[in-house]
Amino acid sequence: MNESSITGDSISKLRDAKSVVILTGAGISAESGIPTFRGEDGLWKKYRAEELATPWAFERDPALVWEWYDWRRGIIHTKKPNPAHYVVTNMENRYPKFTLVTQNVDGLHKASGTKNILEVHGCIWNIRCIKCNTETENYDVPIGKIPPVCECGGLLRPGVVWFGESLPSEVLTKTMKALEVCDLLFVIGTSAYVQPAASFPIMAKQNGAFVVEINKEKTPLSEYVDLQLTGPAGVILPELERKIWKA
Ligand code: OAD
């Protein structure tokens, strides 16, 4: 099934679900003013990922990588959660079992009050020493001396997952467990190009979940989902919330 409107049957599926996973990507933060990666104004149209978001780039030129992350931290720290983030937070309180899996590193889900968050690509507000592996939260904007250095003398790196790196294993294990047991999955604002996150909806569907996609455009996932809602997440999610819960 692949619909563009919400029927009574899907409303009850959404309302009566017991175990829910929401997977989000950069699109949910677009209406907060944070650039996405792909698409016309996407970051990867202006910058080369392999020069900025890989372990090899950091090895070659840590200062360049840090300048880019410092610039992004500077943008993100002025931004606030939008209505889509808040509906996600409300959903956490409405469903008996709820897990948010986000590819976003911006911290806006936490800022909107969502609690059970799995950050599969890490967080831009974490920094980690490449020598002693200590990871700490750091909200300094600007970061200060570039590249920053740990007390142990090792270089500090952004606590995010780069291309060519594995997802944090504990986070991945928890994500797999949530996908195994969920009866409803929302996929919001992701182009579904980057693995393994792009496969999460397929896994949930194979495990029997009802899958809803919310995106401004069609994606490679669109033909597999049970319900496709096209439009900005900040408009669609509040509408959906009103329809499901008469909120
Ligand atoms: P992308 O930039 O690839 O995709 C953003 C998606 O959001 C697109 O499908 C847009 O159509 C959609 N979109 C844009 N604005 C929207 C809105 N207001 N409402 C709903 N949808 C909207 O971002 P991701 O899929 O998150 O990884 O990218 C995945 C990963 O690629 C990122 O986590 C990052 C990037 O390289 C790393 O840095 C490791």
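Start at 1 and go down the list; that is how both ligands and their atoms are numbered.
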- line: With heavy atoms and a 4.0 Å threshold, my read on which part of A30 contacts ligand 1 is side chain
message: Only heavy atoms of G25, strictly under 4.0 Å: list the atoms of ligand 1 that pass.
response: 26 (O)
statement: of all protein heavy atoms, closest to atom 33 (O) of ligand 1 is H121 ND1, 2.8 Å
message: Test your reading of the structure: does W162 have an N or O sitting under 3.5 Å from an N or O of ligand 1?
response: no
message: Once ring pair (Phe, Tyr, Trp, His ring centres under 6.0 Å) is applied, do any residues pair with Y47, and if so which ones, sequence neighbours excluded?
response: W68, W71
message: One residue to check: V194. Relative to ligand 1, which of side chain, backbone, both or neither has a non-hydrogen atom less than 4.0 Å away?
response: side chain
Where ligand 1 meets G231 - atom numbers and elements under 4.0 angstrom, heavy-atom basis: 19 (N), 20 (C)
- request: Please check if the side chain of N82 supplies one atom and the backbone of I28 the other of a donor-acceptor pair under 3.5 Å.
  value: yes
query: Within a reach of under 6.0 Å around NZ of K205, are more than 12 heavy atoms found that belong to other residues, nucleotides or ligands?
result: yes
query: Can we say E170 and K174 salt-bridge, meaning some charged N sits less than 4.0 Å from an Asp/Glu carboxylate O?
result: yes
message: Can you confirm if the NZ or CZ of R94 lies within 45° of the ring axis of W245 and under 6.0 Å from the centre of its six-membered ring?
response: yes
Residues D41 and K45 bridged, charged N to O under 4.0 Å: no
- request: Do me a favour and list the nearest non-hydrogen protein atom to atom 14 (C) of ligand 1 with residue, atom name and distance?
  value: G27 CA, 3.8 Å
- line: shortest atom 29 (C) of ligand 1-to-protein heavy-atom contact is with Q103 OE1, 3.3 Å
statement: Under 4.0 Å between heavy atoms, the region of F163 that gets near ligand 1 turns out to be side chain
- line: Taking only non-hydrogen atoms of A26 and a 4.0 Å limit, the atoms of ligand 1 in range are 23 (O), 24 (P), 26 (O)
- request: Could you tell me whether some N/O pair between A233 and ligand 1 is separated by less than 3.5 angstrom?
  value: yes
Closest approach of any protein heavy atom to atom 10 (C) of ligand 1, naming residue and atom: N215 OD1, 3.4 Å
- prompt: Which one of E31, E217, K216 has a non-hydrogen atom at the shortest distance from atom 16 (C) of ligand 1?
  reply: K216
Identity of the nearest option to atom 1 (P) of ligand 1, non-hydrogen atoms only, from A49, G122, S191, S222: S191
- prompt: Taking C-beta and beyond as the side chain, do I188 and L237 meet within less than 4.5 Å on heavy atoms?
  reply: yes
- request: Among all protein heavy atoms, pick the one closest to atom 28 (O) of ligand 1 and tell me residue, atom and distance.
  value: R38 NH1, 3.2 Å
- request: Report yes if some heavy atom in the side chain of D61 is under 4.5 Å from a heavy atom in the side chain of W56; otherwise report no.
  value: no
message: Any non-hydrogen side-chain atom of L184 less than 4.5 Å from a side-chain atom of L14?
response: yes
query: With atoms numbered from 1 as shown, which atoms in ligand 1 lie under 4.0 angstrom from a non-hydrogen atom of P232?
result: 17 (C), 18 (N), 19 (N)
query: So which heavy atom in the protein is nearest atom 6 (C) of ligand 1, and how far is it from that ligand atom?
result: G189 O, 3.4 Å
query: Do side-chain atoms of N207 reach the backbone of M203 as a donor and acceptor pair under 3.5 angstrom?
result: yes
- line: When distances are taken from atom 39 (C) of ligand 1, the protein heavy atom at minimum range is V161 O, 3.0 Å
message: For the residue pair E135 / N126, report whether a side-chain donor-acceptor contact shorter than 3.5 Å exists.
response: yes
Determine all donor-acceptor pairs shorter than 3.5 Å in which one atom belongs to a side chain in residues 17-24; sequence neighbours excluded.
from : atom 1 : to   : atom 2 : distance (Å)
K18  : NZ     : D16  : O      : 3.0
T24  : OG1    : T102 : OG1    : 2.7
T24  : OG1    : H109 : NE2    : 2.9

Nearest non-hydrogen protein atom, atom 36 (O) of ligand 1: W44 NE1, 2.8 Å
